[in-house]
Number of protein chains: 2
Amino acid sequence: MAGFRKVPAPTLESVAARAGVSRATAGRILSGKAGRGENSKAVHEAAAELGYVANYAARSLMTRRSDAVAFVVSEPEESVFLDPFFATVLRGVHEGVAARERQLTFIIVSSEHDRHRLQQFIVGGHLDGLMFGAFHGADSLPDAVRALGIPVVQCGRPHEADDDLAFVDADNVGGGRAAAGYLLDRRAFVVHVAGPADMTPAQDRRAGFDLELAGRGLTATQDRTVHAPFTVQGGREATEVLLDRHPQLDGVVAASDAMAVGAIQALTARGRRVPEDVGVVGFDDVPLAEAAQPPLTTVRQPIRQMGREVADLLLDQIDGRSGPRHVLLPTTLRVRGSA
Amino acid sequence: MAGFRKVPAPTLESVAARAGVSRATAGRILSGKAGRGENSKAVHEAAAELGYVANYAARSLMTRRSDAVAFVVSEPEESVFLDPFFATVLRGVHEGVAARERQLTFIIVSSEHDRHRLQQFIVGGHLDGLMFGAFHGADSLPDAVRALGIPVVQCGRPHEADDDLAFVDADNVGGGRAAAGYLLDRRAFVVHVAGPADMTPAQDRRAGFDLELAGRGLTATQDRTVHAPFTVQGGREATEVLLDRHPQLDGVVAASDAMAVGAIQALTARGRRVPEDVGVVGFDDVPLAEAAQPPLTTVRQPIRQMGREVADLLLDQIDGRSGPRHVLLPTTLRVRGSA
DNA sequence: CTGAAAGCGCTTACAG
DNA sequence: CTGAAAGCGCTTACAG
């Protein structure tokens with residue numbers, strides 16, 4: 001093989017020489033800091049002819065900017081890429097970052113070593129800001145990063161209330177209420193298949209469910225809720241528990257679409273028809289919801305837009321624009337066949 | 001809000017001062033270019049106490065390295081993140097890149113403007129190498145990038161034979177043969193639901209199918225193949241065409257698992273049972289294959305490992321190690337319930 | 001092994 | 001608006 005060598009890129013020096021001006025002048029004109037000088041045209045032409053692009057390392061050394069931001073996930077590597085929620089968030093994030101001409105880097109932190117490397121990476125000046133997309137438990141990483149003095153936005157409400165930590169989330173409480181309300185208007189005994197108790201979206205959806213029941217005078221309903229992982233299997237097993245506990249149930253609010261599919265499996269296995277005997281409402285409105293049999297009535301959260309907002313919030317901070325620190329996007333009930 | 005300011009990072013200068021040596025010496029010791037000097041310990045301690053990390057922009061300016069590589073997809077943005085194939089490739093790529101301490105950047109090129117920006121980005125020195133993950137049609141982008149003098153690896157066989165362009169692929173020809181052979185051993189009339197004619201994996205799988213038929217003395221079998229998109233719908237529609245054309249068919253080699261699911265839908269709709277009346281073999285072995293009803297007999301390609309190999313091949317080029325330029329990973333038949 | 005010095009390519013006060 | 005000059009933080013021949 002021939003071996004490779006980077007083609008030497010043209011420098012500001014060479015552009016200046018070709019245009020017959022100083023390096024400083026060429027630099028100012030190309031960065032738009034010199035309005036309408038005599039030399040403007042000559043410099044632009046020289047740059048175009050040479051295919052000049054500023055060397056980013058040199059620029060970064062002066063400006064202390066990298067023009068790169070990272071999306072960090074601290075889930076175990078396995079799940080991230082195949083999770084349709086993250087996949088869609090990422091789409092929005094990419095869109096928002098690209099629209100403002102920054103570079104998106106992708107980082108997975110799954111070990112102590114990874115955490116350490118990320119810190120090194122930041123101290124080294126690689127990143128202007130970070131977005132975090134983890135939901136499990138309380139994570140100290142966002143705070144640790146903020147202590148380094150760089151902007152951070154969290155995707156999803158953080159565990160501890162912290163007015164300084166910017167975040168974007170869907171209105172999970174409202175969504176939980178809407179789902180519960182829809183079923184309570186139509187069914188006699190409604191239960192909740194909740195997500196993991198240590199994840200804020202699960203907590204908020206459950207809070208919405210509880211709120212709606214309480215609003216209708218239903219109290220002491222804790223035994224109507226069972227927590228489980230956000231998966232088909234989790235939904236199936238939680239529903240089995242609830243069926244044993246409340247054989248009369250005829251409405252299920254599931255905390256995710258996958259869980260709703262599991263709930264339908266469990267119900268069907270016990271001879272209950274959906275939606276004839278039991279109404280089931282999902283949450284998220286991922287592709288699975290439409291593909292399910294029957295198609296899922298579900299609470300839609302605008303996942304892609306959440307990604308965009310995360311990117312925008314971060315970039316606003318980096319650029320020193322003031323704006324909201326917390327964004328809560330509305331959720332909406334989509335009625336299909338399952339309830 | 002308080003506004004933010006980057007915490008000034010410690011410099012080599014400050015480490016040197018604290019250790020009582022020159023900047024040059026400190027730099028050499030920290031980069032391992034000075035073996036066992038008197039000062040070694042003092043410098044390491046000073047660096048640890050200060051939390052020193054080399055400023056990457058300054059380093060990059062000298063070394064002409066960015067220590068970052070990019071995975072580039074030129075599909076329209078929509079499909080990439082949700083495609084389980086790319087999701088899994090990306091997992092492997094991330095793993096391989098992280099293992100060698102580089103940074104992975106993710107780039108989507110969906111317009112002329114995006115292409116231009118990518119070129120700028122490269123000329124600006126942001127990237128040490130690129131991986132391409134597009135399959136549709138002949139794409140000039142990898143060549144354009146290589147012309148800039150930086151290493152490139154393609155994920156999947158490129159359209160034009162080009163010994164200089166490194167690539168990683170699964171043995172699609174072998175997989176196509178295996179699928180056809182398996183069915184031909186058991187069935188009387190086997191057809192092929194092929195992928196898009198302009199995509200190399202589809203071409204190679206079909207070539208394997210044709211080869212196997214020819215090897216058994218079956219000629220003039222072009223009318224046993226119909227091309228369609230790599231989707232459930234594509235598989236369904238192609239199968240309908242084949243059923244009209246060859247009502248006697250009793251074996252289907254599908255070019256993807258999604259297509260196999262579509263084939264099963266079409267067959268079932270026409271009253272054929274799978275696998276009793278017709279055997280169906282998929283390709284890829286994505287999660288869908290196991291979840292399908294019946295579970296798919298399919299040709300497995302080691303997708304994640306492909307990602308790893310792509311990363312390794314690229315990093316080997318960047319590091320100047322010589323090695324294979326083309327890697328073909330074996331495919332294996334997984335027998336489940338559909339054939 | 002060590003230090004003084006040059007230089008990577010850019011941006012930015014400082015004078016004019 | 002323009003130019004000469006300093007400086008960002010590092011690496012790396014060059015002498016010793």
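Just so it is clear: chains get the letters A, B, ... in the order the sequence lines come, proteins before strands, and each one is counted from 1. Remember, predicted model here, so these are calculated numbers, not experimental data.
- Under the ring pair (Phe, Tyr, Trp, His ring centres under 6.0 Å) criterion, B/Phe167 pairs with B/His326, sequence neighbours left out.
- Closest approach to the B/Asn55 side chain among C/dA13, D/dG9, C/dG3 is made by D/dG9 (side chain taken as heavy atoms from C-beta onward).
- Shown here are the side chain to side chain donor-acceptor pair (under 3.5 Å) partners of B/Thr63, two or more places apart in sequence or in another chain: there are none.
- Scanning for salt bridge (Lys or Arg N to Asp or Glu O under 4.0 Å) contacts around A/Asp312 gives A/Arg100, with sequence neighbours left out.
- For residues 11-22 of chain B, the salt bridge (Lys or Arg N to Asp or Glu O under 4.0 Å) pairs, not counting sequence neighbours, are B/Glu13-B/Arg23, B/Arg18-B/Glu49.
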Polar atom pairs (N or O), protein with nucleotides 5-8 of chain C, under 3.5 Å:
| residue | atom | partner | partner atom | Å |
| --- | --- | --- | --- | --- |
| C/dC8 | O3' | B/Arg64 | NH2 | 2.7 |

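- Stem regions annotated for DNA chain C: C:1-3 with D:14-16, C:5-12 with D:5-12, C:14-16 with D:1-3, counting only runs of 3 or more consecutive pairs of Watson-Crick or G-U type with both contacts under 3.5 Å.
- At the heavy-atom level, A/Tyr56 lies nowhere under 4.0 Å from the strands shown.
- For C/dT12 and C/dG16, the C1' atoms lie 16 Å apart once the distance is rounded to whole Å.
- Legend: residues meeting salt bridge (Lys or Arg N to Asp or Glu O under 4.0 Å) with A/Arg308, ordered by chain and number and at least two apart, are A/Glu95.
- Residue B/Thr25 places no side-chain N or O under 4.0 Å from the OP1 or OP2 atom of C/dT2.
- With sequence neighbours left out, the salt bridge (Lys or Arg N to Asp or Glu O under 4.0 Å) criterion links B/Arg28 to no other residue.
- Applying the salt bridge (Lys or Arg N to Asp or Glu O under 4.0 Å) rule to A/Arg102 yields the partners A/Asp319; only residues at least two apart in sequence or on another chain are considered.
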